Structures are given as C-alpha cells and as structure tokens.
Protein chains: 2
Amino acid sequence: MSTHRRDQDRPRPADDAVVDTGKLGAMLFHALRRAHGGVMNGLHAAFADEDIRALPFAVMVVLSRNPGLRQTQVGFALDIQRTNLVPLIDALEKRGLAERRAVPGDRRARGVFLTRLGAETLARLEARAVAHEEKLAARLGADGRGQLLALLHRLSDPAFDPDAG
Amino acid sequence: MSTHRRDQDRPRPADDAVVDTGKLGAMLFHALRRAHGGVMNGLHAAFADEDIRALPFAVMVVLSRNPGLRQTQVGFALDIQRTNLVPLIDALEKRGLAERRAVPGDRRARGVFLTRLGAETLARLEARAVAHEEKLAARLGADGRGQLLALLHRLSDPAFDPDAG
DNA sequence: TATTGTTATACTCTATAACTATA
DNA sequence: TATAGTTATAGAGTATAACAATA
C-alpha cells in the first residue's frame, strides 16, 4: 500500500479566506478555461473504461457520419490541423478502430473509415457521452444547457464575426 | 522570402458540402473545446507584444490582488496544481515580474509578490485583456456575454454540483 | 503524520517548417 | 503552382510519483 495522495485529492485549506481573483471572475477566457478543463475531466472519467479521450472520440463521430472522408476535411470539421490529425488517425488505426483507404480518382488522398470494431466502440462511447451531457444538464437546467450551447457556437462560428461580412 | 504558408491560413475547400458532425453539435465538451481554443488564440494574439500567455497573466492578476499569497493558494484559486505552478512562478521570477519571499512564521512556505515591473506589465496586459473581452461582447451582445459567464461559472463552481450537498 | 515546495517525468494538445507525391 | 498527407520538432498545459524541509 502506498502512502501516496494525489494533489487534487487534497482538501482546500479552509483556514484562509477565499482568494480574490479580481477581474478574472468577469473574463471569458478564464471561465472557459475552468469549464473546459472540468468538463473534459468528467468526460475522460466517463471514458476511462474504454481508454479513449475526447478528441479521438470526436474524430470517430465525424467518421461515422461521413465514411471515407479525407483527413483534411475531418480536420476542417473539428478545427484540428492536418498535421496533428495524422497521429490521431494513426492511433485509431493501430487499435483497429479506423482505417485509411485509397480514394479513387485522387492518388494523394486517403479516405478514412471506421472499422466494424470502431463502430461498436463508438456506440458505447456515445452512450457514455450522452450520459455525461445529462449530468451537465442537471447542473445547468435544460434551458441553461441549450443557452450555453448557443452562446458557445456564437463565439466559435465565423458567421458571427463582426470583422467579417 | 519564403514560399511557406501556414496550415491555418489555407482556405477551407469550398467544393465539398459541409461535413456532418452529428451529435457533436449538441455536445458541450465539443463546443467548449472550440470556444476555448478560439478565445485563447485571440487573447494570445492580443498579448503577443508582451510575450505573455493567458495562464501566467491569470497568476499575475491573483498576485496583484493577494500580495504574498502562498503558491498552493494561488493554485487553488486558479485550478492549477502546486506542482505545475512551480515552473510558472519560475518563469515570472526569471523575467523579473514576480518574486518569492520567505513567509514569517512558516519556514516551509513561500509568499509570492509581483515586482514593480510586474505590476506595470500587468496594467498593460489588463488593458489588452479588457479590450479583447469587448471584442467578444461585440459578438455575443452585452446580455449574451453576461449569460455566458454565469452559465460557465455554474458549470465550474462546486456549489452547483448536484452530487454534493 | 501532514503540509509546502520541489524535482523528475510522461502524455496530450497545439503549432511551425519542410518534405513527397500527386494534381 | 497548389494540394493531401506526412515527418520532424517544439512548446504549452496537465498529470502522477516521490523527496526534503518543516509543521
């Protein structure tokens, strides 16, 4: 048995007053960083049995909806650079969850497909992801979750960029 | 002159239909990842002249409001582990923006202070961060920004955890 | 025994540059 | 000339384990 104790398991020292975080409380970058980290941790915990993380999961979802999609297109859909997608697909291929195939008509391109195992694994992952989303909805309320999604999309979608058209 | 062209500068290929991202569009982890990435990129661009990133900036804000705070407390305030805070403070110290001092009464602890240079730098950074937030508000509308902040806090704050008391 | 800071280390995610083979 | 995939590499950020000094 180990005397070890993870940093995160330590109790917040209660003897001190709450720390003043100043303007950070009203800044989106900070709220986003904390929410993003927390939600990712929760999802990764939900996926622990399957030993998969959020990003490869997102890739698998796209592949299931768009069989044979080229890597570059996967990247555009998910805001992942081509170059960073390579090791992601490599890992999925190595685990037998996806495979690259030649694209007829363009010998440069590689179409990516989920394997049968990949589709089966994805089904389990999606169930867990949905359950995780429901936990979040319990925090936010059903309306809150929808509002949050809409606001986040507005923040990411280039169509809402005031600098653009 | 370089023939180089960054991956991100490439135009989205318009010949193809928009990729179907399936359930991802309704999943918070995915919306958070994209919004977080985009907002961080924007803030880092706004900070480029000062060569500082969001996380050390957040540390500096906390130090300015809580001079002499112990590292562990800084970590609790920002959801950063003690162990990961060490190189962050190291870097601030190396640049002369912050310094560690002995804490009277507890020889284990180190109180962290902004230097004069740190405070001056922080003032410029805060102005840029505020300007960046205003850009985001222009996207979301003033109400939208406030709603988004509230929802994100609700997502991060343990007080809203239904599993807790 | 527990806590503060630290070192060492590993993994994930993101980023830039440049190469190859095709188009 | 441009594009699709790739390799190599570097830097953030986050995570675990274990240690020394001190409480």
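Below, chains carry the letters A, B, ... as their sequence lines are ordered, and counting in each starts from 1. Quick caveat, the model's predicted, so the values are computed rather than measured.
- For the pair D79(A) CG and dC13(C) P, the computed distance is 15 Å after rounding to whole Å.
- With respect to E99(B) and R101(B), a salt bridge is recorded, a charged nitrogen being found less than 4.0 Å from a carboxylate O.
- OP1 or OP2 of dT14(C) has not a single side-chain nitrogen or oxygen of R34(B) nearer than 4.0 Å.
- Salt bridge annotation for E133(A)-K23(B): absent, with no cationic side-chain nitrogen under 4.0 angstrom from a carboxylate oxygen.
- For N84(A), no side-chain nitrogen or oxygen approaches OP1 or OP2 of dT12(C) to under 4.0 Å.
- For the pair Q81(A) and R108(A), both in contact range of DNA chain C, the more 5′-proximal nearest nucleotide belongs to Q81(A).
- Look at R53(B) and you won't find any side-chain N or O under 4.0 angstrom from OP1 or OP2 of dT14(C).
- With the nearest nucleotide of DNA chain D identified for both I89(A) and P56(B), I89(A) has the one nearer the 5' end.
- As a whole-Å value, the separation of L88(A) CG from dT12(C) P is 10 Å.
- dT7(C) atom P lies 13 Å from atom CG of L85(B), rounded to whole Å.
- Rounded to an integer number of Å, the gap from R70(B) CZ to dA21(D) P is 19 Å.
- Here the P atom of nucleotide dT14(C) and the CD1 atom of I80(A) are 7 Å apart, to the nearest Å.
- When side chains are defined from C-beta on, L63(A) does not count as touching F113(A), because their heavy atoms never get closer than 4.5 Å.
- Using a 4.0 Å heavy-atom cutoff across all strands shown, L55(A) reaches sugar-phosphate atoms only and no base atom.
- In terms of phosphate contacts, R110(A) brings a side-chain nitrogen or oxygen within less than 4.0 Å of OP1 or OP2 of dT6(D).
- Put simply, CD on E93(A) is 13 Å from C1' on dT6(D), counting in whole angstrom units.
- OP1 or OP2 of dT6(C) lies within a sub-4.0 Å distance of a side-chain N or O belonging to Q71(B).
- Put simply, CG on N41(A) is 12 Å from P on dC13(C), counting in whole angstrom units.
- When each of R107(A) and R100(B) is assigned the nucleotide of DNA chain C with its nearest heavy atom, R100(B) is the one assigned upstream, toward the 5' end.
- Between T72(B) and dG5(C) there is a side-chain polar atom (N or O) within less than 4.0 angstrom of OP1 or OP2.
- Out of dT14(D), dT16(C), dT7(C), the shortest distance to the side chain of T83(A) is found at dT16(C).
- Under 4.0 Å is where a charged nitrogen must lie from a carboxylate oxygen, and between R116(A) and E120(A) at least one such pair does.
- Atoms NE2 (H30(B)) and C1' (dC13(C)) sit 14 Å apart, rounded to a whole Å.
- Just one of L88(B), L69(B), I80(B) meets the side-chain contact (heavy atoms from CB on, under 4.5 Å) condition when paired with V74(B); it is L69(B).
- Both P87(A) and A109(A) lie close to DNA chain D; mapped to their nearest nucleotides by heavy-atom distance, the more 5′-ward contact belongs to A109(A).
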